[in-house]
Student: 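Please find one structure pasted underneath; my questions will follow.
One-based numbering, in listed order, for ligands and for the atoms of each. Note that the coordinates shown come from a computational prediction; the quantities given were computed from them, not determined experimentally.
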Amino acid sequence: MEIPFIDLKSQYKRIEEKIKKNINNVFKHGKFILGPEVYELEERLAEYVGVKNCITCSSGTDALLLALMACGVQRGDMIFTTPFTFMSTAEVISLLGAIPVFVDIDPTTFNINPNELKKAIEAVDKRDPSIYPLPRILLYEEDNFTKKAIIAVDLFGLCADYNEINKIAEQMGIYVIEDGAQSFGGEYFGKKACSLAHIGCTSFFPAKPLGCYGDGGAIFVESDEVAELIRSLRVHGQGRNKYENLRIGINGRLDTIQAAVLLAKLEIFDDEIKKRQIVANRYTQKLKASPYVKTPYVPEQLLSAWAQYSIVVKDRDGLINFLKKGNIPTNIYYPRPIHLQKAFNYLGYKEGDMKISEDIAKNIVSLPMHPYLDEKTQEYIVDRVIEFYNQ
Ligand SMILES: *Cc1c(COP(=O)(O)O)cnc(C)c1O
């Protein structure tokens, strides 16, 4: 029997009645677009995160896109971000004609490294790629490029170093956007993930810590003014009514049915986050003695949402194949850093530009991780890992 990598079936069993009741209500009232569940969910999520406004939307990708649009990002703007992330983070920058400026990660947290960020900014200011690798467009074109924002990613559920990142951004007068697609439910110095920057974004893709049964996402922002702007952008830049359009926007709404699903899942979410801690701690306790496995590091005062439990290992391919034979699934997040993806060839980055990301990409692997992973199954997984290295 295959062990699930993420166990949505056990979760569904637990809340089946509530999910069915909530979805049935939507069928009954028929308000499939921006129905009452959407607004109720936004209120609950804002309260949960501790930010005044929550605007739900069609995906985590659209959350990031809307956040950049709300910051007024346009052609020629420079956005600093990490190359060790999912495609979306950098994709939305390019979609708006802005320029991703990649900044390497910290090898222990896998998140954007503030010291590298400072170097990248200096390199941009001096147009000097010997200080830090830069997108070639900055060197060969005479346009007026503007430093506009930083997108930090809370990879695998662990919040980035916002104390440092926000300080750097404040000095430069630019925005910080938190890509909390993997960290919803996590904490940073007593504050919840998605509340740590000017704008917080998350995803409700089924496999994320809080997932719906399709695509979904949300944006968190303290400012009422920005929230209103995002609400307008979410529906074709609409004004007071459907047929008044103030700006260019998108169709970026969350379906009412997905909101109904999320309302049911939110009730057990805190308990699930607690269970994730137990599962992650068990892995770490059992694996940390192995010299071939580097277990994840969680700094003091941080609580990971454990979207993934990722280890850095020796002979990764050998381990993956060995585990596969024992019906243990694994995943690699991410096999190729974004700056080396074909889609970003036009930026002119090359191998060796982001050494830590490239090195981690070669040696990282994620083990099954979800709140319903029982101790016996987990012991079996760990035993197989240890066994592989004892061969
Ligand atoms: C999943 C993810 C996204 C995109 O979310 P979707 O809902 O799939 O569009 C963005 N950033 C990160 C870091 C993610 O993991």
Student: Examine the side chains of N327 and Y380 and answer whether a donor and an acceptor come within less than 3.5 Å of each other.
Tutor: no

Student: Name the residue from L117, T81, V101 that meets the side-chain contact (heavy atoms from CB on, under 4.5 Å) definition with I150.
Tutor: L117

Student: Y162 vs Y188 aromatic rings, parallel, tilted or perpendicular, using cut-offs 30° and 60°?
Tutor: perpendicular

Student: What salt bridge (Lys or Arg N to Asp or Glu O under 4.0 Å) pairs are there with at least one residue in residues 208-219, not counting sequence neighbours?
Tutor: none

Student: Cation over ring, K192 on Y48, under 6.0 Å and within 45°?
Tutor: yes

Student: Below 4.5 Å, heavy atoms only, C-beta onward: do L210 and L45 meet side chain to side chain?
Tutor: yes

Student: For ligand 1, run through the N/O pairs with the protein that fall under 3.5 Å and put one pair on each line.
Tutor:
| residue | atom | partner | partner atom | Å |
| --- | --- | --- | --- | --- |
| ligand 1 | 5 (O) | S203 | OG | 3.3 |
| ligand 1 | 7 (O) | G60 | N | 2.7 |
| ligand 1 | 7 (O) | S203 | OG | 2.7 |
| ligand 1 | 9 (O) | G60 | N | 3.3 |
| ligand 1 | 9 (O) | T61 | N | 2.8 |
| ligand 1 | 9 (O) | T61 | OG1 | 2.5 |
| ligand 1 | 11 (N) | D179 | OD1 | 3.3 |
| ligand 1 | 11 (N) | D179 | OD2 | 2.8 |
| ligand 1 | 15 (O) | Q182 | NE2 | 2.7 |
| ligand 1 | 15 (O) | K208 | NZ | 2.6 |

